[in-house]
Amino acid sequence: MIMDVVNTIEICQPDDWHLHVRDGDVLPDLIAHTAQQFARAIIMPNLKPPVTTAELALAYKQRILNARPSENSVGSSFEPLMVLYLTDMTTAEHVKNAKQAGVVGFKLYPAGATTNSDAGVTDLAKCSAALAEMERCGMPLLVHGEVTHADIDIFDREAVFIDQVLEPLRKTHPGLKVIFEHITTKQAAHYVRDADTSRLGAIGATITPQHLLYNRNAIFSGGVRPHYYCLPILKREEHRVALVEVAISGNPRFFLGTDSAPHAKGTKENACGCAGCYTAWHAMPLYAEVFDAAGALDRLEGFASYFGADFYGLPRNTGKLKLKRQQQSIPESFPMGGSTVVPLRAGEMLAWTIVG
Ligand code: DOR
Ligand code: ZN
């Protein structure tokens, strides 16, 4: 990594290990933003209907490839990495086919946890054959770590998930490689940091820019701010601080996953607004801001460009990405197919700009 007086940083090109790009006519607009910065991204399978088989994933992958920026322009070689949606019906055979098709993981959405999760898992015991096969063939499980019972407070759902679901799951399947997605709490950060992987399978975690930058006050500052609402929801300041601490620690269990989750403006600015923050356009400047504020710009490259690839057993990228300390404003919205999407911190400033 080359650094001058920290006004410019050049890092190995990063990857986004957790991304939503939806489907259909919105794909070109969304992929263009991600492909400006990231060489690869794990594409979440929570479409309607969900991406549950290798065949569906390969077809979806092709639609994404077709939507990439045109040849010879930036981002034309962007590579989508496909993940399948785990359901009560997923079998060992599905896992074997997925492995053969180059699928990189399965995603566990507890039923009802978030956007398009109705088909999610109601009882992990129903997936035991699939999970055993995943253990056997080294297929990672990506986990949306929240319990869904209505009697558990929304701010406690992640911490409760660790005790009630994650730890028992890892004990039942000690060979399972798990990625705790978009962690939001001190409990999750410390669970992953302190996990004894000589006893149980490897564990990693992705962290979003919004959970590193904001606490739950952002959702309510001066009025309800739907573009700061995502799931798992933003938490108290002490949790944000714990997330920054592990993200900048250089611990390879923690890596970048934006969870950029676009929704049309009208479905967020709504009496029952959708969950999701759109960060694909400015993800790397946002992360740079976090690492800069913590005096840890030298740790950004590991978090953004190395640890995820290493965890998934994929080669690190060979390209570079350059960021400059140069202010720019974030547009109020972007075109998204026939609609528009409002980015996180719309209309405000960014301290960093991608320059190459
Ligand atoms: O805020 C979120 N939005 N959290 C999720 O888990 C799903 C995502 C989406 O797909 O919109
Ligand atoms: Zn997500």
Side-chain angles (χ1 to χ4, degrees), residues 15-24 26-27 30 33-34 38 41-52 60 64 80-86 104-121 140-148 154-155 157-158 161 165 178-185 188 204-214 216 218-219 224-235 255-270 272-280 283 286 308 336-337 339 341-344:
D15 302 301
D16 185 349
W17 300 99
H18 185 130
L19 177 70
H20 300 265
V21 294
R22 316 306 184 196
D23 203 356
V26 300
L27 282 175
L30 299 175
H33 289 170
T34 290
F38 298 102
I42 282 192
I43 309 295
M44 285 296 136
N46 62 331
L47 302 182
K48 248 184 162 153
V51 183
T52 49
Y60 185 29
I64 295 168
L81 302 170
M82 307 314 287
V83 158
L84 294 188
Y85 191 114
L86 189 72
V104 301
F106 274 74
K107 176 75 188 275
L108 165 64
Y109 284 106
T114 187
T115 308
N116 297 345
S117 64
D118 319 347
V121 172
L141 181 69
L142 293 72
V143 172
H144 181 111
E146 289 192 288
V147 292
T148 53
I154 187 168
F155 292 99
R157 287 179 186 170
E158 184 173 281
F161 181 88
V165 184
V178 171
I179 300 106
F180 198 163
E181 296 290 327
H182 44 55
I183 58 168
T184 64
T185 57
T206 56
I207 313 183
T208 77
Q210 66 267 26
H211 291 102
L212 292 168
L213 285 164
Y214 298 106
R216 63 190 191 177
I219 314 168
V224 176
R225 298 195 176 249
H227 300 290
Y228 291 81
Y229 171 58
C230 65
L231 289 172
I233 198 160
L234 295 173
K235 304 296 193 298
F255 44 88
L256 185 158
T258 62
D259 197 16
S260 178
H263 290 276
K265 186 173 193 275
T267 64
K268 294 234 8 125
E269 299 173 8
N270 190 290
C272 185
C274 296
C277 297
Y278 187 64
T279 55
L286 290 171
M336 181 174 75
S339 179
V341 59
V342 177
L344 190 77

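Both counts, for ligands and for their atoms, begin at 1 and track the order of listing.
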Is the Zn ion (ligand 2) under 2.8 Å from any N, O or S atom of [X]?
X	answer
His182	no
His144	no
Asp259	yes

If we only count N/O pairs under 3.5 Å, is [X] in contact with ligand 1?
X	result
Pro232	no
Asn46	yes
Gly276	yes

What atoms of ligand 1 come within less than 4.0 Å of a heavy atom belonging to [X]?
X	answer
His144	6 (O)
Cys230	1 (O)
Ala261	3 (N), 8 (C), 9 (C), 11 (O)
His263	9 (C), 11 (O)

Check Ala188 against Glu158 and note the closest heavy-atom contact, atom names and distance.
->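 Distance-wise, the nearest heavy atoms are CB-OE2, 3.2 Å.
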
Can you list the steps and then say if His182 with His18 is a ring pair (Phe, Tyr, Trp, His ring centres under 6.0 Å)?
-> CA-CA 8 Å; His182 44 55; His18 185 130; 5.0 Å; yes

Is the side chain of [X] donor-acceptor paired with the backbone N or O of [Y] at a distance under 3.5 Å, no angle test?
X	Y	value
Tyr109	His144	no
Thr267	Ala264	yes
His211	Pro232	yes

Please name the residue in the list Thr206, Asp16, Leu142 that meets the side chain to side chain contact (heavy atoms under 4.5 Å, CB included) test with Ile42.
->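 It is Leu142, the one option of Thr206, Asp16, Leu142 that forms the side chain to side chain contact (heavy atoms under 4.5 Å, CB included) with Ile42.
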
What part of Glu146, side chain from CB on, backbone N/CA/C/O, both or neither, has a heavy atom under 4.0 Å from ligand 1?
->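 Near ligand 1, Glu146 shows nothing, with every heavy atom at 4.0 Å or more.
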
Closest to the Zn ion (ligand 2), which N/O/S atom of His20 is it?
->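 For His20, the N, O or S atom at the smallest distance from the Zn ion (ligand 2) is NE2.
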
Just need the protein heavy atom nearest to [atom], so name the residue and atom and give the distance.
atom	value
atom 3 (N) of ligand 1	Ala275 O, 3.0 Å
atom 4 (N) of ligand 1	Leu231 O, 2.7 Å
atom 5 (C) of ligand 1	Thr114 OG1, 3.0 Å

Could you walk me through whether Lys235 and Thr185 pass the side chain to side chain donor-acceptor pair (under 3.5 Å) test, one step at a time?
-> CA-CA 7 Å; Lys235 304 296 193 298; Thr185 57; over 6 Å; no

Tyr214 and Tyr228 aromatic ring geometry - parallel, tilted or perpendicular at 30°/60° bounds = perpendicular

So among His33, His20, Lys268, His263, which one has a side-chain hydrogen bond (donor to acceptor under 3.5 Å, both in side chains) with Tyr278?
-> His33

Assess whether side chain to side chain donor-acceptor pair (under 3.5 Å) is satisfied between Asp259 and Thr208, documenting all intermediate values.
-> CA-CA 6 Å; Asp259 197 16; Thr208 77; over 6 Å; no

